[in-house]
S.K.: 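Pasting a structure here, questions to come.
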Amino acid sequence: MTQVQLHQLQKQLWNIANTLRGKMGADEFRDYILGFIFFKYLSEKAVNFANELLDGEEISFLELDEHNTEHVPYIEEIKKHAIDETGYALTPKQLFHSLAERGRAGEFILDDLTATLKAIEQSTLGAESADDFANLFEDLDLNSTKLGNTANDRNELVARVLSHLDDIDFDISNSESDVLGDAYEYLIGEFASGAGKKAGEFYTPQSVSTLLAKIVTQGKDRLRSVYDPTCGSGSLLLRVKREVKDVDMIYGQEMNRTTYNLARMNMILHDVHFAKFDIKQEDTLIRPQHLDKRFDAVVANPPFSAKWSADPLFLQDERFSSYGKLAPSSKADMAFVQHMLHHLDDNGTMAVVFPHGVLFRGSSEGVIRQYLIEQMNVIDTIIGLPANIFYGTSIPTCILVLKKDREHKDNILFIDASNEFEKQKTQNKLLPEHLDNIIAAFENRQNIEKYAKVATLQEVKDNDFNLNIPRYVDTFEAEAEIDLDLIAKQLQALEVESQKTDTVIAEFCKELGIDSPFAEVK
């Protein structure tokens, strides 16, 4: 599929999504359309898998009839293999195409659709994939009045959406492309652009995801593991996977239940086998789910300056105990840094996005920052990003790159890429050439005038461990010198012209027999 065709597909899906908008907000009709697309993907994958098993038989999966006693053994055998291999099972009458056809014919399909989505989840009970499919479709409430005031209205709307989706070929059998995955990412991004502040809960702009992914995969063609403690929709994890040939295992944690479901769907839809990802739903700082694990790569875009408990009991937690201080309850940024660093393997790389405050705020955050630099020496690079590149906030941000086993132990690299963007409508965007500049500076690690500075640890210490980028990268642009003599002459000329104008006005006033607003002109 060409880029033009992919773009047409994306627009087509977006138009179908807007069929559902009605009285719903962006985050609500997002859940329906992405859920239906995911169901179509599961159906098409089930058909392809079943037909491979039926190869050599004189019947296809769609032709199997559950009421035909001769067909039942085929269906049961396919189900058993499907659960082992794909993690779930569907019968022919439960397929997306079957339900779409019935809806197109005017049948009432809502009850059977609800039962089918539940059956997908239940087919995994007792299987290795059970956790990955549990309650996966819980946000698709087909009885919601937001879909229509009556059951028939809701059925008509859902049937129309399924029919439109049924006409699209996602080409999932083509292992050389990821058309559906690209389209899914496009939709998530479009929903994020309309979700305001909520967007930050589930999506990191693709350009930033790409930058983080390139940083943590530098010099590597495969990873044993990658972890995101605030994984949202999982897009950042998937972007890391794209940057290398393979990732053995993907780990993530997400607090929001709906977003957690979206992340699991996103993994499966991008053809990540259920045995190769482990996404958990819990508050990462309060109830970490992977505490005993260490990862090759750690990436994150945590909620900026979020609140957390900062309970003194956390000083006994292995993630925080050695620092002697906890991040303030009003700003959890440093708590996320400590949590992620705990999970980072000795030869791993961590790249995380934060507001600039983590670079210079004092009090307990200053103590933690000094410990990271002076005692642990893990801060490798600071990258300043442009303002207004994230959905829901216009503040400028930065990327912290941390490594436990640093090659450059006597310095910290500062990159000021705050002016590297293209303004697009209401959002600024990092373009590929901007990413190339940042990555080149990161890899070459050299001083670049007004852009990058390799600062010694002594310089950082002399600055009281303040990492604010302008302290190291001088971007000051001297203004052009002003010729005061020339300005004086210009003012004198203006004064002469002003006096001439006053004289003309005074003459007009005299002719009109009225007092001049100026003193008598002689």
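Predicted model, so just to flag it, every value in this text is computed and none were measured.
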S.K.: Taking atom CD of E70 as the centre, does the number of heavy atoms from other residues, nucleotides or ligands within less than 6.0 Å exceed 12?
M.R.: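 No, not enclosed.
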
S.K.: Is it true that a side-chain atom of Q281 and a backbone atom of M255 form a donor plus acceptor pair closer than 3.5 Å?
M.R.: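 At least one qualifying donor-acceptor pair exists.
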
S.K.: If you count heavy atoms of other groups shown closer than 6.0 angstrom to NZ of K276, is the number above 12?
M.R.: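 More than 12 heavy atoms, drawn from other residues, nucleotides or ligands, come within 6.0 Å of this atom.
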
S.K.: Are side-chain heavy atoms of Q427 and I389 found at a separation under 4.5 Å?
M.R.: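 No, too far: nothing below the 4.5 Å cut-off.
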
S.K.: Tell me every residue that passes ring-ring contact (aromatic ring centres under 6.0 Å, His included) with F39, counting only those two or more places apart in sequence or in another chain.
M.R.: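 Once residues adjacent in sequence are excluded, the partners of F39 under the ring-ring contact (aromatic ring centres under 6.0 Å, His included) criterion are F96.
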
S.K.: Just by modelled atom types, is the R160 backbone N or O under 3.5 Å from a matching donor or acceptor in the S163 side chain?
M.R.: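 Checked: no pair found.
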
S.K.: Would you call the rings of F38 and F137 parallel, tilted or perpendicular if under 30° counts as parallel and over 60° as perpendicular?
M.R.: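 Geometry flag for F137 against F38: tilted rings.
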
S.K.: Within this structure, what is the CG-CG distance for the pair D228 and N301, rounded to the nearest 0.5 Å?
M.R.: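 So the gap between those two atoms works out to 8.5 Å.
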
S.K.: Taking the six-membered ring for Trp, is the centroid-to-centroid distance between F354 and F336 below 6.0 Å?
M.R.: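 No.
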
S.K.: Any chance CD of E128 has more than 12 other-residue heavy atoms, nucleotides or ligands included, within less than 6.0 Å?
M.R.: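 It does not: E128 CD has 12 such atoms or fewer within range.
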
S.K.: In terms of relative ring orientation, are F133 and Y88 parallel, tilted or perpendicular, with 30° and 60° separating the classes?
M.R.: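 Rings of F133 and Y88: tilted, as their planes differ by 30° to 60°.
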
S.K.: Would one find more than 12 heavy atoms of other residues, nucleotides or ligands at under 6.0 Å from atom NZ of K404?
M.R.: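 Enclosed: over 12 neighbouring heavy atoms sit under 6.0 Å from NZ of K404.
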
S.K.: Do N261 and E138 meet the criterion of a side-chain donor-acceptor pair at a distance under 3.5 Å?
M.R.: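 There is such a pair (donor and acceptor under 3.5 Å, judged by atom type) between the side chains of N261 and E138.
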
S.K.: How far does CG of L99 sit from OG of S43, to the nearest 0.5 angstrom?
M.R.: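 Reported to 0.5 Å precision, the distance equals 8.0 Å.
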
S.K.: Checking side-chain polar atoms at under 3.5 Å, does N51 have a donor or acceptor matched by the opposite partner on S60?
M.R.: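 S60 and N51 do not have a side-chain donor-acceptor pair below 3.5 Å.
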
S.K.: May I ask you to decide if L165's main-chain N or O and K40's side chain share a donor-acceptor pair within less than 3.5 Å?
M.R.: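 Judged by distance alone, yes, a pair lies under 3.5 Å.
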
S.K.: In sequence, state the C-alpha distance, the side-chain angles, and the governing distance for Y251 and F277, and then conclude on ring-ring contact (aromatic ring centres under 6.0 Å, His included).
M.R.: CA-CA 6 Å; Y251 295 88; F277 73 87; over 10 Å; no

S.K.: So does K331 pair up with D333, basic N to acidic O under 4.0 Å?
M.R.: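 Not counted as a salt bridge, because no side-chain N and carboxylate O are separated by less than 4.0 Å.
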
S.K.: Check the surroundings of atom OH in Y74: do more than 12 heavy atoms from other residues, nucleotides or ligands lie under 6.0 Å from it?
M.R.: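 Incorrect, the count does not exceed 12.
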
S.K.: Indicate yes or no for a side-chain donor-acceptor contact from T284 to the backbone of P229 under 3.5 Å, with no hydrogens or angles considered.
M.R.: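 Flag set: sc T284 to bb P229 pair under 3.5 Å.
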
S.K.: Are D248 and R224 ion-paired here, with the side-chain N under 4.0 Å from a carboxylate O?
M.R.: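 The answer is no: the pair does not qualify as a salt bridge.
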
S.K.: With a 3.5 Å cut-off and no angle check, do the side chains of H81 and E77 form a donor-acceptor pair?
M.R.: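 There is such a pair (donor and acceptor under 3.5 Å, judged by atom type) between the side chains of H81 and E77.
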
S.K.: Answer yes or no on whether K429 is positioned over the face of F421, meaning its NZ or CZ is under 6.0 Å from the six-membered ring centre and within 45° of the axis.
M.R.: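 Verdict for F421: no cation-pi partner in K429.
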
S.K.: Can you tell me how far CG of L147 sits from CD of E156, rounded to the nearest 0.5 angstrom?
M.R.: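 Result: 12.5 Å between the selected atoms.
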
S.K.: Apply side-chain contact (heavy atoms from CB on, under 4.5 Å) to residues L385 and L211 and explain how you reach the verdict.
M.R.: CA-CA 11 Å; L385 298 177; L211 179 56; 4.0 Å; yes

S.K.: Which is it for E107 and N155 under the side-chain contact (heavy atoms from CB on, under 4.5 Å) test, yes or no, and what are the steps along the way?
M.R.: CA-CA 9 Å; E107 290 188 41; N155 184 74; over 6 Å; no

S.K.: Below 30° counts as parallel, above 60° as perpendicular, anything between as tilted: where do the rings of W308 and F314 land?
M.R.: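 Because their plane-to-plane angle lies in the 30° to 60° range, the rings of W308 and F314 count as tilted.
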
S.K.: Do the side chain of Q253 and the main chain of L285 share a donor and acceptor less than 3.5 angstrom apart?
M.R.: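 Looks like no, no N/O pair under 3.5 Å.
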
S.K.: If the threshold is 4.0 Å, N to carboxylate O, is there a salt bridge linking K45 and D271?
M.R.: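 So K45 pairs with D271 through a salt bridge.
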
S.K.: Flag the pair L34 / I188 as yes when at least one side-chain heavy-atom distance between them is below 4.5 Å, and no otherwise.
M.R.: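 They are in side-chain contact.
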
S.K.: Would you say Q94's side chain and T91's backbone share a donor-acceptor pair under 3.5 angstrom?
M.R.: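 Looks like yes, one N/O pair under 3.5 Å.
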
S.K.: Begin from the C-alpha positions of R294 and H342 and carry the test side-chain contact (heavy atoms from CB on, under 4.5 Å) through to its verdict.
M.R.: CA-CA 8 Å; R294 302 294 179 269; H342 171 80; 3.2 Å; yes

S.K.: According to salt bridge (Lys or Arg N to Asp or Glu O under 4.0 Å), who are the partners of D139, at least two apart in sequence or on a separate chain?
M.R.: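 Residues passing salt bridge (Lys or Arg N to Asp or Glu O under 4.0 Å) with D139: none at all.
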
S.K.: Taking only Lys NZ, Arg NE, NH1 and NH2, and the carboxylate oxygens of Asp or Glu, determine whether R239 and E243 approach each other closer than 4.0 Å.
M.R.: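 The answer is no: the pair does not qualify as a salt bridge.
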
S.K.: Using atom types as modelled and distance alone, determine if a side-chain donor or acceptor of R154 lies under 3.5 Å from a backbone N or O of G148.
M.R.: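 Yes, because the side chain of R154 sits within donor-acceptor range (under 3.5 Å) of the backbone of G148.
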
S.K.: Side chains of Q10 and Q8 only: does a donor on one sit below 3.5 Å from an acceptor on the other?
M.R.: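 No, because no side-chain N or O of Q10 sits under 3.5 Å from a partner of the opposite role on Q8.
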
S.K.: For the atom pair CD1 (I399) and CE (M350), what is the distance rounded to the nearest 0.5 Å?
M.R.: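 Separation between the atoms: 12.0 Å.
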
S.K.: Are the side chain of N18 and the backbone of W14 linked by a donor-acceptor contact shorter than 3.5 Å?
M.R.: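 Such a contact is found between N18 side chain and W14 backbone.
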
S.K.: Assess whether a salt bridge exists between R104 and D166, defined as any Lys/Arg side-chain N lying under 4.0 Å from an Asp/Glu carboxylate O.
M.R.: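 Answer for the salt bridge query: yes.
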
S.K.: Checking N437 against E420 for the side chain to side chain donor-acceptor pair (under 3.5 Å) test, could you report, in this order, the C-alpha distance in whole Å, the side-chain angles of both residues, the deciding distance, and whether it holds?
M.R.: CA-CA 9 Å; N437 291 341; E420 295 275 293; 2.8 Å; yes

S.K.: So, S144 side chain and D141 main chain: donor-acceptor pair closer than 3.5 Å or not?
M.R.: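 Such a contact is absent between S144 side chain and D141 backbone.
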
S.K.: Answer whether the closest heavy-atom distance between the side chains of L95 and V47 falls below 4.5 Å.
M.R.: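 Counting from C-beta outward, L95 and V47 do come under 4.5 Å.
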
S.K.: Does one side chain, of N256 or T259, offer a donor that lies under 3.5 Å from an acceptor on the other?
M.R.: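 Judged by distance alone, the side chains do pair up.
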
S.K.: Have N152 and T150 got a donor and an acceptor in their side chains that come within less than 3.5 Å?
M.R.: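 Their side chains do not contain a donor-acceptor pair, so the 3.5 Å distance test is not met.
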
S.K.: Counting only heavy atoms not in K423, do more than 12 sit closer than 6.0 Å to its NZ atom?
M.R.: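 Yes, because the 6.0 Å sphere around NZ of K423 holds more than 12 heavy atoms from other groups.
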
S.K.: If the threshold is 4.0 Å, N to carboxylate O, is there a salt bridge linking R264 and D132?
M.R.: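 Salt bridge absent between R264 and D132.
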
S.K.: Do S98 and E101 pair up side chain to side chain, a donor and an acceptor below 3.5 Å, judged on atom types alone?
M.R.: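 Side chains of S98 and E101: no pair found under 3.5 Å.
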
S.K.: Answer yes if the side chains of E185 and S235 hold a donor-acceptor pair under 3.5 Å, and no otherwise.
M.R.: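 Short answer, yes.
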
S.K.: So, are K403 and D346 salt-bridged, with charged N and O less than 4.0 Å apart?
M.R.: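 Not counted as a salt bridge, because no side-chain N and carboxylate O are separated by less than 4.0 Å.
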
S.K.: Say you draw a straight line from CD1 of I438 to CD1 of I383; how long is it, rounded to the nearest 0.5 Å?
M.R.: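 Reported to 0.5 Å precision, the distance equals 6.0 Å.
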
S.K.: Give, for atom CD1 of I168 and atom CG of L13, the distance between the pair rounded to the nearest 0.5 Å.
M.R.: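 It comes to 4.5 Å.
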
S.K.: Check whether any side-chain N or O of S123 sits under 3.5 Å from a backbone N or O of A89 as a donor-acceptor pair, and report yes or no.
M.R.: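 Present.
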
S.K.: Tell me yes or no: between the side chains of S394 and N388, is some donor less than 3.5 Å from an acceptor?
M.R.: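 Distance-only check fails for S394 and N388.
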
